[in-house]
Amino acid sequence: MKEKYHIVTYGCQMNLHESEKIAGILTRMGYTHTDALEKADIIVFNTCCIRENAENHAFGNIGALKKLKKEKPQLIIAVGGCMTQEVGKPELLEKKFPFIDIIFGALNFDDLESLILRKKAQKKKVVEVRQEAGEIVETTKPFRTSYPNAWVNITYGCDNFCSYCIVPYVRGRERSRKPEHIIAEVQSLVKEGYKEITLLGQNVNSYGKNGAANMNFAQLLDAVASIEGKFRLRFMTSHPKDFTEDVVAVMEKHRKICRLVHLPVQSGSNTVLQAMNRRYTREKYLDEIRMLKSRLPEAEVTSDIIVGFPGETEADYLQTESLVKEVDFASAFTFVYSPRQGTKAAEMDGQIPEDIQKDRIMRLVELVNSLTRKKSEKYVGKTIEILCEGFDEKKGMYLGRDEFGRMGYFKADENAIGRFVSLKITKANGISLYGEIVAME
Ligand code: SAH
Ligand code: SF4
Ligand code: F3S
């Protein structure tokens, strides 16, 4: 019988995609996937360290495996991802959880096959975390589980050093994939029937800036959108310091590019933005929104927002509230600032007490939800195009998203997954929409 693998992923879309690549390596080695942790012969934790709770989550789940490992000593437990890239973390993991078999990093997950073979040949645990990113590996083929959506990396790493953020320390310097590799990957995904492609990078707008590519982001986007076939194209994340009109011009040219830009603002206060080292102002951000909407009036914007950054006053926080109202985001991820070891902000004066942080996040979540709800209500009576992504067993309905990321549920007599469905919206419930099929492609 074939050996089975189970992967536990934390963190962002980039990490989810990296787990697909880890699954690709394991599949190539002859493993098959299992949903049941107890049935696995190898369990891989692909960790995140963006906030403290992401780390606590992983620590809890790894610790919970102690008993299983005792009962099943041949089980291989491997821990990788962003957390193991942090200074001192591999040592801490070894000490806390001596039963871990393999510790690897986000920068050398492509070597997992050889690390597993080494572990199988020896009793001793294998600890190998590379500090410097090597050449981009193009030979690791992902085992994709997100049909009809597919993620495609365009850059790795980050050079921005926002003062709160650990990503540049754990993911290394920014590297761009070659345009020919990206274009060939998207071409074959479209041929295989994928219907939504998302280009991934910490700051997609700086694509090619390190000289590795002979194109900038707008040119790359144009080239990818020119690939024939019906599919949706998304990109994330855009950084407001680099979001330019040439990208919007390319969006205007190609209808297959979704009219949704994820443009994290983080704060509405110039004082806080400066302390965050974001390198744009509130005014520049609002100008960009105006520019986008003047060329594409139907465009929507989503965001990431942090509250409780060191030194944030009530007046600063209220500036964030007023910006949220002014932009009228389609939705936003909201976070409480979490100090990360080694970052500038963790050393700053004026760390905000937890009760104030909690109060601000609650007010902000309420505001963001009220905007999202209001937008949902406007959908009722309209017909929208949904790309069906799955079936919700509990509701007994298919579900999918429109180009703005809004979730729509509907009933269908035939398998709708992977198809574009025109849906007449009959009801909005919070952020979810319900509708009836008008047509299906
Ligand atoms: N590269 C992207 C985002 C990467 S991390 C960008 O620049 O926007 C995703 C989000 O996590 C960030 O946008 C930020 O809002 C949040 N985040 C990052 N570090 C954080 C920290 N230390 N505490 C709280 N939130 C954080
Ligand atoms: Fe972190 Fe800033 Fe880089 Fe985003 S751009 S990954 S927030 S350092
Ligand atoms: Fe992503 Fe978390 Fe790493 S957000 S890049 S998995 S630190």
Side-chain angles (χ1 to χ4, degrees), residues 8-19 21-22 45-58 79-86 89 105-107 109 133 151 153-175 199-207 209 235-243 261-268 272-273 275-280 285 301-310 312 320 329 332-348 351-352 354 357 360-361 364 368:
V8 187
T9 312
Y10 308 87
C12 60
Q13 244 149 351
M14 225 164 288
N15 232 29
L16 284 166
H17 183 44
E18 231 128 85
S19 284
K21 291 185 190 168
I22 291 171
F45 289 91
N46 191 12
T47 62
C48 168
C49 58
I50 196 87
R51 284 168 292 274
E52 195 184 355
N53 55 10
E55 294 203 340
N56 292 345
H57 211 145
V79 181
C82 288
M83 194 167 92
T84 57
Q85 291 288 155
E86 281 180 272
K89 272 289 149 64
L107 298 181
F109 76 87
W151 295 304
N153 288 111
I154 66 167
T155 64
Y156 298 95
C158 183
D159 285 349
N160 289 317
F161 291 94
C162 301
S163 62
Y164 51 81
C165 184
I166 199 163
V167 171
Y169 301 93
V170 294
R171 286 283 175 161
R173 298 290 57 74
E174 185 180 281
R175 289 101 57 212
L199 305 178
L200 292 178
Q202 295 295 355
N203 173 6
V204 290
N205 307 95
S206 67
Y207 175 79
K209 279 205 177 138
F235 52 89
M236 69 181 298
T237 296
S238 298
H239 195 306
K241 84 177 165 63
D242 297 322
F243 184 68
V261 183
H262 184 57
L263 196 64
V265 68
Q266 313 297 359
S267 168
V272 175
L273 285 173
M276 285 177 163
N277 190 31
R278 288 290 287 180
R279 286 175 276 181
Y280 54 84
Y285 187 87
V301 181
T302 56
S303 200
D304 295 346
I305 303 166
I306 298 177
V307 298
F309 185 81
E312 184 189 68
T320 298
F329 291 115
F333 295 106
T334 51
F335 305 107
V336 169
Y337 166 71
S338 171
R340 306 282 67 211
Q341 209 188 349
T343 62
K344 281 226 168 79
E347 307 303 321
M348 285 178 187
Q351 302 284 328
I352 306 292
E354 211 181 301
Q357 288 184 322
R360 287 184 190 157
I361 193 81
L364 187 62
V368 169

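Here the structure is a predicted model, which is why all the values come from computation and not from measurement. Just so you know, ligand 1 is whichever comes first in the structure, and atom 1 is the first atom listed for that ligand.
Looking at Gln202 next to ligand 1, an N or O pair under 3.5 Å apart turns up. Between Asp304 and ligand 1, at least one N/O pair is under 3.5 Å apart. Of the polar atoms of Ser338, at least one N or O is found under 3.5 Å from an N or O of ligand 1, judged by distance alone.
Counting protein heavy atoms only, atom 3 (Fe) of ligand 3 is closest to Cys82 SG, 2.3 Å. In terms of protein heavy atoms, atom 14 (C) of ligand 1 is closest to Gln266 OE1, 3.4 Å. Looking at atom 5 (S) of ligand 1, its nearest protein heavy atom turns out to be Ile50 CD1, 3.6 Å. From the protein, the heavy atom lying nearest to atom 7 (O) of ligand 1 is Arg278 NH1, 3.4 Å. With hydrogens left out, the protein atom closest to atom 8 (O) of ligand 1 is Pro264 CG, 3.1 Å, a heavy atom. Closest to atom 6 (C) of ligand 1 among all protein heavy atoms lies Thr237 CG2, 3.8 Å. If you check which protein heavy atom lies closest to atom 19 (N) of ligand 1, you get Tyr164 CD1, 3.3 Å. With respect to atom 7 (S) of ligand 2, the closest heavy atom belonging to the protein is Tyr164 OH, 3.4 Å. Shortest contact from atom 2 (Fe) of ligand 3 to any protein heavy atom: Cys48 SG, 2.3 Å.
Distances below 4.0 Å separate heavy atoms of Arg340 from the following atoms of ligand 1: 22 (N). Atoms of ligand 1 lying under 4.0 Å from at least one heavy atom of Val336, given by number and element, are 23 (N), 24 (C). Against a heavy-atom cut-off of under 4.0 Å, Arg51 is close to the following atoms of ligand 1: 11 (O), 16 (C), 17 (N), 23 (N), 24 (C), 25 (N), 26 (C). Close approach of ligand 1 to Tyr337 is summarised as follows: ligand atoms under 4.0 Å from at least one heavy atom of the residue are 23 (N), 24 (C).
Within the 3.5 Å criterion, the main-chain N or O of Cys158 finds a donor-acceptor partner in the side chain of Arg173. Judged by distance alone, the side chain of Thr47 and the main-chain N or O of Gly80 form a donor-acceptor pair under 3.5 Å. Formation of a donor-acceptor pair under 3.5 Å by the Asn153 side chain with backbone atoms of Met14 is not found in this model. A distance-only check finds a donor-acceptor pair linking the side chain of His17 to the backbone of Trp151 [under 3.5 Å]. Using a distance-only test at 3.5 Å, with no hydrogens or angles considered, no donor-acceptor pair links the side chain of Asn277 to the main chain of Ser163. In terms of modelled atom types and a separation under 3.5 Å, the side chain of Gln357 and the main chain of Gly308 share a donor-acceptor contact. Proximity of a side-chain donor or acceptor of Tyr156 to a complementary backbone N or O of Gly172 within less than 3.5 Å is not detected. Side chain of Arg340 to main chain of Cys49: a donor-acceptor pair is present (N/O by atom type, distance under 3.5 Å, no hydrogens or angles). Side-chain N or O atoms of Glu312 include none that pairs as donor or acceptor with a backbone N or O of Val307 at under 3.5 Å.
Here the CD atom belonging to Gln341 is positioned 11.0 Å from the CD atom belonging to Glu52, to the nearest 0.5 angstrom.
At a cut-off of 2.8 Å, Cys49 does not coordinate atom 2 (Fe) of ligand 3 through any N, O or S atom.
In Phe161, the CZ atom is crowded: over 12 heavy atoms of neighbouring residues, nucleotides or ligands sit closer than 6.0 Å. The environment of NZ in Lys344 is sparse: at most 12 heavy-atom neighbours from other residues, nucleotides or ligands sit within 6.0 Å.
The part of Gln202 lying near ligand 3 is the side chain, judged by heavy-atom distances below 4.0 Å. Contacts with ligand 3 closer than 4.0 Å are made by heavy atoms of both the backbone and the side chain of Cys12. Contacts between Phe335 and ligand 1, counted as non-hydrogen atom pairs separated by less than 4.0 Å, involve the side chain only.
Side chains of Gln351 and Tyr337 form a contact here, defined as non-hydrogen atoms less than 4.5 Å apart.
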Kindly indicate, with the supporting measurements, whether the criterion side chain to side chain donor-acceptor pair (under 3.5 Å) is fulfilled by Lys241 and Asn160. CA-CA 10 Å; Lys241 84 177 165 63; Asn160 289 317; 3.2 Å; yes
Mind running side chain to side chain contact (heavy atoms under 4.5 Å, CB included) on Asn46 and Val8 for me, showing each step along the way? CA-CA 6 Å; Asn46 191 12; Val8 187; over 6 Å; no
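Smallest separation of non-hydrogen atoms from Leu199 and Val204: O-CG1, 4.1 Å. The minimum heavy-atom distance linking Pro264 with Arg278 is given by the pair O-NH2, 3.0 Å.
For the ligand labelled ligand 1, residue Asn203 lies outside the 4.0 Å heavy-atom shell. The closest approach between Arg278 and ligand 2 falls below 4.0 Å for a heavy atom of the residue.
Protein-derived N/O/S atoms nearer than 2.8 Å to atom 3 (Fe) of ligand 2 total 1, waters excluded.
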